[in-house]
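Heads up: the structure comes next, in structure tokens.
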Amino acid sequence: MTIEYDRLQDEVARGWNTWDTRSVLTQVLLPAALGLSFGLKEYYRGTSLRTAQIGRRTEGAETVTLGPHAYDGSYTETTLTWAGITIRVQTAHAGEDLVALVTPMANQPKSALLTVGVSYLWNRPGTVVREADRIRATSDSVVEVFATTPHVDDPYCDLDGPYFALDLAQAVGISTGRPRSLAEIAELIVTAAAGTEVAEHQEIVRDSISWNTIYEPSKSRVITGVSRLWNVGKRGGYALFCWDAFFNALLASPNSKAVAYLNVVEMLRARTPEGFVPNVEQGTGRKTYDGSQPPIGSMTVLELYRQFSERWFLEECFGTLLSWNRWWWRVRRDGELLCAGSTYFDPEYPSPQDIPRIHQHFGATCESGWDGHPVFDDVPFDQNKSLLAAHDVGLNSLYAVDCEALAEIADILGETDAAVELRGRHDSVVAAMETLWDENAGIYRSRRTDTGRLTARLSTMSFYPLVAGVGDGRRTGRMLADHLLAEDGFGGEWILPTSPRNEKIELKDTSYWELRAWPPVNFLVYLGLLRAGEKDAASWLAEGSERLVLKEWREHRHIHENYSSVHGAACDKPNSEPFQTWGALLSLIVLMERGEVALFNDERWRGMSLLSGVVVPLVTPMSAPGVPSADAAEKLLTAMASVGVRRLMLLGSNGEGPLIPAELAGEFTAGVVKRWRDLVPEGTILVNVTAPGTAEAERRTDDAAAAGADAIVSSPPTFFKHRADEVVAHFEALGRRGLPVILYNSPRSTLLTQETARALQPLLAGVKDSSGDPEMLRYLLSLGIEVSQGDEQGLADAVRAGAHGITPGIANLAPGLALQMVAPGADLGRLQELSTALAKIHTVRPGVPTVKALLNTRGLCPPHCAPPLAPCTADEVRHLTDLVAPLEEHLIPRATSS
């Protein structure tokens, strides 16, 4: 356990918020646990509504629509309909005070009463008394509660303790701290509401977590459940579900680092004595000691580390993640692969949920995350092994990802032996997954361990190998064309069904699975498509996920547990929770696809290596001095593509980027990206955005993103000498713009220190190192950072040292020579000699004008430069052409006449 996490919990568990899971209309002040519980008294039958939940389906139950909810509770909005009455309840903060505005929108003939009960919750100490115009609560401090209308003396309001009963003939205001008028409260509400206005998908992601984040008093902690109704319906007050918690962490990360962390840590702290994370821990005391759920914890923890760069978080999580990973291999391995299982145990806290589960077929399917799915129908449960008799394609894929991510965490923490162990396990699983390929059907599927046959049914888990990077391009192509995108497979308008549409399933109306789409499935398949480099298919899935989530959201503001893959609705099934956290994964997919959320955006997940091989730091062709022109670049781009160049960097020092205004740079980038995509569809374009300050660099980053660049390159801010924390803040800001970030370590700018490099490592997709410092190159490589060498005198040495690629300015003139240098078996000594000979052009005139002059002689680029740079003189050009004449065979082809 770490002090940092305990401090984080203390910081989160403060202030007014919807901390009480029992009612969405209860506001609680932490840490005192003072509750203001809003309810209704109606006069048609004389009944009272004390708590409100979304999703109750009993006769006469209230209907709740959850509006915007700020993470810190500074604004919440709920609309409730019950017994012919509709009210809108809005709350806001006024400093440390709470204000509430309750507006009647429909009423009975005799107007209802708003009841406001005031009490200390969860048996916390304190006294509450009602006086003439206020209710006073006293514990360590005094809080007074006021109303804008007089109390109605009705002793039959069905409340315990002091309360207000307020006539809802008109709007009513409540405030703590001091009396406030209705107009003052309304003004505070309007201001707070404006602060929560965001785009649709951002709102869905935010509200899915903020409405389900509660205070769990038995362990004095803040947690995020999956559904408030589940907490109180059959789980004893709260429930933490294993892989749901890790998905919740990802959903929380764009808005709250603290809530992201607490989802992970509280789930990991539920670890059993056997060393695994259980499927569920709940308020009744129950834990599922029979089994776990799919291991996505390490993947999530590593991704959060990449976002927030806090080592203590890795240290907090690593021990349990490693224990859990080893448990899978020790307990669930049958041969070389894993099977889902359910181990017998005698429950200390018996539960009806365990009756069909412990040491049974259904319980074993729960470990896959696909409870009772038809894909397991033909797979028996082996009582002796406590395992389903099949090597599960989904479970093994996610386990391989877990090994891979956890090995990387081990590297960061210096746990060398664990890293070796984990990589060995990863390689073993990936190799054994070859047995799960069905060549006839063209897809991965589970294989029976008792008969050796492939299982009869398919599911969307067959695409999970892509998440692990398993499968070559041919296999991926077959899986997509024949199954994922096929209308009678997993394609169609409402995606993804968990079983192919052409597979007949006989199930009850209440089934979870028949023609249903599940958000976490879409999310994992989306990650797989990203990793496989299948950008078009990933975009298709993002578009389908958007259709699915917005249908119910726009109609009901619902975020469902699962959706129909026939008509896209979700309220048609009684067992599809209407406000369940992981439904927002559909919106997270959309935000990731648009680059609005920087999750899983390194080269592993984006299906590309940004710096491998040769990156040409392209000069910037200009139509006139200082005017970059994509049209003027046409011949140079065509020549580059013709010799095999695949990666370009625009607007670096060779591209005169610092001399080109941002508005011209953006237009040029857009034109070059468009043309390069035509010439080299799989090509990559990096754009340098280095600037003196963060704001200018952010603007250039946004322009690069809008132009379609694959990544940005940036030096630390120029001109001033900056501290390491300032440099880190700069790169964090750039990373939030949505593109992968590559550090440019240039002697012309602020040189990188080892301290800064270490701090920046989690934020970077790589480093272009032009420092010429071999020690720095080795240090960067030791951190596991992808490095491309830009120092022309040290290209061969960098390749020998293990650099991932090179970015030499001379590649503008001799791209073929640069490509040879990174080819297997290259004669690096001879190639370095040739490169050094070519670099002597800078003895005639240093810098970009020299390169442009020579390219102009080859008909590939006008000689214009950005002022104050001036083109080479005629004498300089003659000297340059004489100098490179012996190297003609290595130079870029001359332009052909059109």
Picking from V152, T115, V102, I174, what satisfies side chain to side chain contact (heavy atoms under 4.5 Å, CB included) with L166?
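The option that passes is I174.
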Can R547 and E543 be said to form a salt bridge (Lys or Arg N to Asp or Glu O under 4.0 Å), step by step?
CA-CA 6 Å; R547 281 194 301 273; E543 291 166 4; 5.1 Å; no
For T694 and H730, which I'm curious about, is there any donor-acceptor pair between the side chains at under 3.5 Å?
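Result is yes, a qualifying pair exists.
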May I ask you to check whether Q53 and E62 show a side-chain donor-acceptor distance below 3.5 Å?
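Result is no, nothing qualifies.
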Quick one: does any side-chain atom of [X] pair with a main-chain N or O of [Y] as donor and acceptor, under 3.5 Å?
| X | Y | answer |
| --- | --- | --- |
| S175 | R178 | yes |
| E303 | F600 | yes |
| N212 | T224 | no |
| H560 | S576 | yes |
| S210 | H69 | yes |
| T176 | L98 | yes |
| R306 | L302 | no |

Are the ring centres of [X] and [Y] closer than 6.0 Å?
| X | Y | answer |
| --- | --- | --- |
| Y563 | W518 | no |
| F313 | Y261 | yes |
| W582 | F523 | no |

Identify which one of R206, R554, R594, R557 satisfies the salt bridge (Lys or Arg N to Asp or Glu O under 4.0 Å) criterion when paired with E200.
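The single option meeting the salt bridge (Lys or Arg N to Asp or Glu O under 4.0 Å) with E200 is R554.
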Return the CG to OG1 distance between N17 and T76, rounded to the nearest 0.5 Å.
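Reported value, rounded in 0.5 Å steps: 8.0 Å.
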Among E561, E577, Q580, side chain to side chain donor-acceptor pair (under 3.5 Å) partner for W230:
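Answer to the side chain to side chain donor-acceptor pair (under 3.5 Å) test with W230 among E561, E577, Q580: E577.
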Side-chain touch V205/L591, heavy atoms, less than 4.5 angstrom:
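The answer is yes, as the side chains (C-beta and beyond) meet within the 4.5 Å cut-off.
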Test R14 against D72 for salt bridge (Lys or Arg N to Asp or Glu O under 4.0 Å), laying out the working first.
CA-CA 9 Å; R14 293 188 178 277; D72 62 358; over 6 Å; no
Start with the C-alpha gap between E216 and K219, add the side-chain angles, then the distance that decides, and say whether salt bridge (Lys or Arg N to Asp or Glu O under 4.0 Å) holds.
CA-CA 6 Å; E216 197 283 286; K219 296 183 181 179; 5.8 Å; no
Taking everything shown except E726 itself, do over 12 heavy atoms lie less than 6.0 Å from its CD?
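Atom CD in E726 is crowded, with more than 12 foreign heavy atoms closer than 6.0 Å.
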Run the salt-bridge test on [X] and [Y] with the 4.0 Å N-O cut-off and return the result as yes or no.
| X | Y | answer |
| --- | --- | --- |
| R7 | E11 | no |
| D6 | R269 | yes |
| D702 | R737 | yes |

Taking the six-membered ring of Y238 as reference, does the NZ or CZ atom of R221 fall below 6.0 Å from its centre and within a 45° cone about the axis?
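Here R221 passes the 6.0 Å and 45° test against Y238.
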Does T79 form a side-chain hydrogen bond (donor to acceptor under 3.5 Å, both in side chains) with T65? I'd like the steps, not just the answer.
CA-CA 5 Å; T79 301; T65 302; 5.6 Å; no
